[in-house]
Amino acid sequence: MTETTSVHRICPFCEACCGLKVDIETDAATRTQRVIKVRGDEDDVFSRGFLCPKAVGLKDLHEDPDRLRTPLIKRDGVFVEASWEDAYAEIARRLPPVIAAGGANAVATVLGNPVAHKMSLMLYFPRLARMLGTRNMFSASSVDQIPKMLSSGLMFGSWLGIPVPDIERSDYLLIIGANPMVSNGSLWTVPDYRGKARALRERGGKIVVVDPRRTETAAAADHHHFIRPGADVFFLLGIAHALFDEALVDLKRLATHIDGFERLQPAFADYSPERVAARCGIAAAVMRDIARTLAATPRAAVYGRIGTCTQQFGSLASWLIDVLNVLTGHLDEEGGAMFPRPAAFAANTRANTSGKPGVGRGVVTGRYASRVSKAPEVSGELPLTCLAEEIDTPGPGQVKALIAIAANPVLSSPNGPRLAAALAQLDFMVSMDIYLNETSRHADVILPGPSPLEDAHYDVSFTQFSHRNHARYSAPAMARSDGQPDEWESMLRIGAIAQGHGAEVDVAALDDAALREELERALGDAATPVLAALGSRRGPQRLLDLGLRGGPYGDQFGRLPGGLTLAAIEAAPSGIDLGAMAPRIPEALRTPSGKIELAPQVLLDDLARVAAALAETAPDMVIIGRRQLRSNNSWMHNLPSLAKGTFRCTALVHPVDAARHGLTDGAMAVIRNGSKSIEAPVEISDEMMPGVVSLPHGWGHDIDGTRMAVAAQRPGANLNALLDENLRDPLSGNAVLSGIPVTLAAMGTGGTGGTGAARLSPAV
Ligand SMILES: Nc1nc2c(c(=O)[nH]1)N[C@H]1C(S)=C(S)[C@@H](COP(=O)(O)OP(=O)(O)OC[C@H]3O[C@@H](n4cnc5c(=O)[nH]c(N)nc54)[C@H](O)[C@@H]3O)O[C@H]1N2
Ligand SMILES: Nc1nc2c(c(=O)[nH]1)N[C@H]1C(S)=C(S)[C@@H](COP(=O)(O)OP(=O)(O)OC[C@H]3O[C@@H](n4cnc5c(=O)[nH]c(N)nc54)[C@H](O)[C@@H]3O)O[C@H]1N2
Ligand code: SF4
Ligand SMILES: [Mo]
C-alpha cells in the first residue's frame, strides 16, 4: 500500500526561488518515501507555476547515492563513515589545540553559495562566527557580488539595500553583464524572467543588453551590444557624460534627497562617449542614444550583474549603474530600480528595514586587513582570493584550520590548484557539505546536511531582492534518516567546541540562552513577552517567527492582530503576496547624512585608475565565463537528469578567432594564461565578440579522491585553474574573473589527447 501526497516547496537551487509542488509516495508498511514528480506550483503567489529544468534535480539530489548521509572522518588518509557523536568528538579533539596554539584567527571560515539558499545556515552562521571570533572569514561573495554591496552601502547606507528593476511596470531595461534568461536573475529575484521580458516588449517596451556574448537574454532583447570585457566603466561613464552634456539630467523627486550631485559632472568631464568608444567597443552614437532613451522613458531601469562585478573596476561599474538610475529619475520610482520591502531579516542580512528609518551609520571598510596582501575587510569578510596565501604563507597569524560551509572554492575560486595545495597543508579542516568533492576531500571531518526536501525553508536572502514582496515557507517534506541533525545544530556545536565547551553541549539550551541574551540586549524588559509570544518554536523557525512578527508586515507579537506570523504563512502553502514594490526613499536610506551619497570620495578617487586605463588596447584574446541552464556553479553535475545531453564545458570562439588560431569545431584547444593551461573542446559561434573566448566555471571533476561518479564521467575543464588569485578590484576585494588575457592553440596529437577524449565522452 502506498500513499501519495503533494507538498509545496521553494526551490533551493537558484535565486528565482520558484514555488514547486512535489509529489511524494510513502510506502505504508515500510514508511520509505520516494519523489514521484516535481512541477511548478500554479498557485504560488510569486512564481505562478514557473520552473526550470533544474527543479527535477530535487528528486535526483534526494536520491543521489553519492550524496552523503552520514559524517565521514579521515583516518590515515582514508575517509570512513562515522556516527555523529564520533564526528563531533573528532572536531573536539582537533580544533581546540589549533586555537590554543594560534588564537582565534588561526581558524578560517569559508561560505559557499548554498548558504544563501538554506535558512538554517544563513540564520546561524552569524552565531558560529561570533563564537569563533576569527577575522579570517571568506565567502563566495568576493568572487561574485561584493562590488555591488559596496556601492550600495556607500550610496544608500546598507550592504544589501540594493535596488532591483520593477520589471512588471517597466518600459525600458538596460541589462549589463547579466543573463537572467539562464541564471534566472541574481540580486534580482525574478522567476520567469522570460515571460516578464516578453510581456514588457508586448506592451511596447524595449530591452537592451550589453554583453561580450550574444546571450540567451540578448537574443530575446531588442538590441544587443558587444562590450570589451572589463570596460563597462567606460561605457557607463560615456552615458553619464552624455546625460550632462545634453542636459538630460532630471533628478525629479530625489533632488532633495541627494548629496554630492555637484561633484559628478566634473568627475565625468573627461569621458565623452566619443572618447571612450574605442576603449569599450561601443559606438558613441549608441551611448548617446541610450542616454536619451533612458532620460525620455518615464519607466526605465538600468541593471547590472556579475559581468559588471567580477572585473577590475567592479565597484565603479556597480556605482555608475545606480548613478544612471538616479540621474534619469528612475531610482525608487515605479517601473524603475526600486527597493524591495522584505517581510523579515533586513537586520540580519544588513539590508534596509532595520534601525531608525532614513538615517544610519552607513558602511565602513578596512576595519582590519588580511595578513599577507593587506586586502581591506569589506562587510566583515576578506577576499576569497586571499585564502590560499593566508594558509600557505608561514608566520604569526597563519591560518591553520578551516571550516568550509557549503563551499567548493577549489573549483569556484581563481587558482584553485594553489588553494587545493594549501588545504592539504592545514592542521585541521571541517567541511559541512553534502558531497565528497574537490574541496571537501581535503577535510578531516565532513558533516552532511539533510536533503533540501528534509529541511524547512524560508528565503532569508532572496526576499531582500525580490521584484515583488512576498512571504513563503516550506516545512520539511520528507522524513530524515536516523540521527541526522539540522545544520544549525552542527554549527552551534562547532562553535561550542571552539569555545572549549566540548562536543556534548546541550545545543537547545545554548540556542535558548543566545536568543534570550540577544533579545535582552536589544529590547530590555520587553524581551520577556516577545520570547513568550514565540512559544514552543525552536531553532530557525523561532528566528523566522521573530523576524516576521517584528518585521514591517508583522503582528508585532500580538499588538497588531492580523499581522504576519510564521503561523500565517504556514497556513498559506502557496505563500502570501505583499504587493508590488513601492517608493521607499528617504525611509530606506541608512547613510549618516540621511541622503543618497551620489559621489562617495573613495569611488571618485578610484577614477584615477580608469584614467590610466583609458588608452589600453585590447589583448589578442581574453576569456570570460558562462552560465548554463542545467548547471549551477560546481555542484549539480552529479545529477543525472541535468548531466545528460550535449557536453557543455566548451570553449565558445568566434569563427574569425577560430580561423586565426587554427581551431576546429569539436576539436580540443589549449587555453593558456602564463604558465597555467587547460584544455577544452571548441565550439565555434558568432555569438561571441571577436577576441573573446567563453568557458563555463565549476567544472574540472577529474581530481582523485572525490565521490561524484556521474560528474567524473565528463569532468570538463576548470576555468579557475587558469585564472589568477592576485587580481582583485582594490576597493571591494572582488576577484577579477572576466577579461583575462589568454592564448588559444589547437591541441597537438598524443600527450593529453586521452584526457580530451574522456571529456568528450557521450552523454551519461
Ligand atoms: N571563473 C568563475 N568563477 C566563479 C564564478 C564565475 O562566474 N566565474 N562565479 C562565482 C559565483 S557567482 C559563486 S556564487 C561561486 C560559488 O562558489 P561555491 O559556493 O564555492 O560553489 P558551489 O559550486 O556553489 O558549491 C557549493 C558547495 O555546497 C555544497 N552543498 C550543496 N547543497 C548543500 C547543502 O544543503 N548543505 C551543505 N552543507 N552543502 C551543500 C556542494 O556540495 C558544494 O560543495 O563561484 C564563483 N566562481
Ligand atoms: N543555470 C544557472 N543559474 C545560475 C547559476 C548557474 O551556475 N547556473 N549561478 C547562480 C549564481 S551563484 C549567480 S551569482 C547568478 C549570476 O547571474 P548572472 O549575472 O545573470 O549570470 P551570468 O550568466 O554569469 O551572466 C553574466 C554575464 O556577463 C557577461 N560578461 C562577462 N564579462 C563581462 C564584462 O566584462 N562586461 C559585461 N557587460 N558583461 C560581461 C557574460 O557573458 C554573461 O552573459 O546566477 C545564478 N543562477
Ligand atoms: S529557476 Fe529553476 S533552479 Fe531556479 S528556483 Fe526556479 S526551478 Fe529552481
Ligand atoms: Mo553567485
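Computed from a prediction, not measured in an experiment: that's the story for all the values here.
Among residues two or more places apart in sequence or in another chain, the side chain to side chain contact (heavy atoms under 4.5 Å, CB included) test is passed with Thr439 by Asn408, Pro409, Val410, Leu423, Met429, Asn437. The salt bridge (Lys or Arg N to Asp or Glu O under 4.0 Å) check on Asp545 picks up Arg537, Arg549, with sequence neighbours excluded. Residues passing the salt bridge (Lys or Arg N to Asp or Glu O under 4.0 Å) test with Asp577 are Arg468, sequence neighbours excluded. Take Arg472 and apply the salt bridge (Lys or Arg N to Asp or Glu O under 4.0 Å) test, not counting sequence neighbours, and it matches Asp44, Asp459. Scored by the salt bridge (Lys or Arg N to Asp or Glu O under 4.0 Å) test, Arg521 finds Glu517 as partners (sequence neighbours excluded). With sequence neighbours excluded, no residue forms a ring-ring contact (aromatic ring centres under 6.0 Å, His included) with Tyr473. Under the side chain to side chain donor-acceptor pair (under 3.5 Å) criterion, Thr70 pairs with no residue at all, not counting sequence neighbours. In terms of the side chain to side chain donor-acceptor pair (under 3.5 Å) criterion, residue partners of Ser141 (sequence neighbours excluded) are, by chain and number, Ser139.
Here the side chain of Asp486 pairs no donor or acceptor atom with the backbone of Glu489 at under 3.5 angstrom. Gln628 contributes a side-chain N or O that, together with a main-chain N or O of Arg648, makes up a donor-acceptor pair within less than 3.5 Å. In terms of modelled atom types and a separation under 3.5 Å, the side chain of Ser431 and the main chain of Ala443 share no donor-acceptor contact. Judged by distance alone, the side chain of Arg630 and the main-chain N or O of Ala643 form no donor-acceptor pair under 3.5 Å. In this structure a side-chain-to-backbone donor-acceptor pair under 3.5 Å is present from Ser466 to Phe462. Looking at Ser83, its side chain does come within 3.5 Å of a backbone N or O of Asp86 through a donor-acceptor pair. For Lys37 (side chain) and Val56 (main-chain N/O), no donor-acceptor pair under 3.5 Å exists by modelled atom type. A donor-acceptor contact shorter than 3.5 Å links the side chain of Asn720 to the backbone of Leu411. Although no hydrogens or angles enter the test, the distance criterion places no donor-acceptor pair under 3.5 Å between the side chain of Ser440 and the main chain of Asp433. At least one donor-acceptor pair closer than 3.5 Å links the side chain of Gln33 to the backbone N or O of Ala479.
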Using atom types as modelled, flag every donor-acceptor pair under 3.5 Å from a side chain in residues 114-125 to any protein atom, sequence neighbours excluded.
| unit_1 | atom_1 | unit_2 | atom_2 | d |
| --- | --- | --- | --- | --- |
| His117 | ND1 | Pro12 | O | 3.2 |
| Lys118 | NZ | Pro450 | O | 3.3 |
| Ser120 | OG | Trp488 | N | 2.9 |
| Tyr124 | OH | Asp511 | OD1 | 2.9 |
| Tyr124 | OH | Asp511 | OD2 | 3.2 |
| Tyr124 | OH | Gly539 | O | 3.4 |

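Remark: Asp512 engages Arg538 in a salt bridge, criterion side-chain N to carboxylate O under 4.0 Å. With respect to Asp455 and Arg480, a salt bridge is recorded, a charged nitrogen being found less than 4.0 Å from a carboxylate O. At a threshold of 4.0 Å, the pair Glu3-Arg31 does not count as salt-bridged, since none of the basic side-chain nitrogens sits closer than that to a carboxylate oxygen.
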Exercise for review: Test Trp699 against His637 for ring pair (Phe, Tyr, Trp, His ring centres under 6.0 Å), laying out the working first.
Suggested key: CA-CA 8 Å; Trp699 297 83; His637 300 148; 3.7 Å; yes
Exercise for review: Show your working on ring pair (Phe, Tyr, Trp, His ring centres under 6.0 Å) between Phe46 and His467 and close with a plain yes or no.
Suggested key: CA-CA 9 Å; Phe46 184 59; His467 79 96; 5.3 Å; yes
Point to revise | Check against salt bridge (Lys or Arg N to Asp or Glu O under 4.0 Å), Glu518 and Arg130 | key: CA-CA 12 Å; Glu518 275 165 27; Arg130 269 199 299 279; 2.9 Å; yes
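Between Ile497 and Ala92, the closest heavy-atom pair is CG2-CA, 3.5 Å.
At most 12 heavy atoms of other shown residues, nucleotides or ligands fall within 6.0 angstrom of atom CD in Glu504.
Rounded to the nearest 0.5 Å, atoms CG (Asn184) and SG (Cys52) are 5.5 Å apart.
Listed by first and then second residue, the ring pair (Phe, Tyr, Trp, His ring centres under 6.0 Å) pairs involving residues 13-34 are Phe13-Trp635 (not counting sequence neighbours). The side chain to side chain donor-acceptor pair (under 3.5 Å) pairs that include a residue from residues 55-68 are Lys59-Glu63, Asp60-Ser641, His62-Ser451, Asp64-Tyr435, Asp64-Asn638, Asp66-Asn638, where partners are two or more places apart or lie in different chains. The side chain to side chain donor-acceptor pair (under 3.5 Å) analysis of residues 11-25, with sequence neighbours excluded, yields the pairs Ser6-Asp23, Glu15-Ser186, Asp23-Arg39, Glu25-Arg34.
For the pairing with Phe557, the side-chain contact (heavy atoms from CB on, under 4.5 Å) check across Thr565, Val530, Leu531 returns one residue only, Val530.
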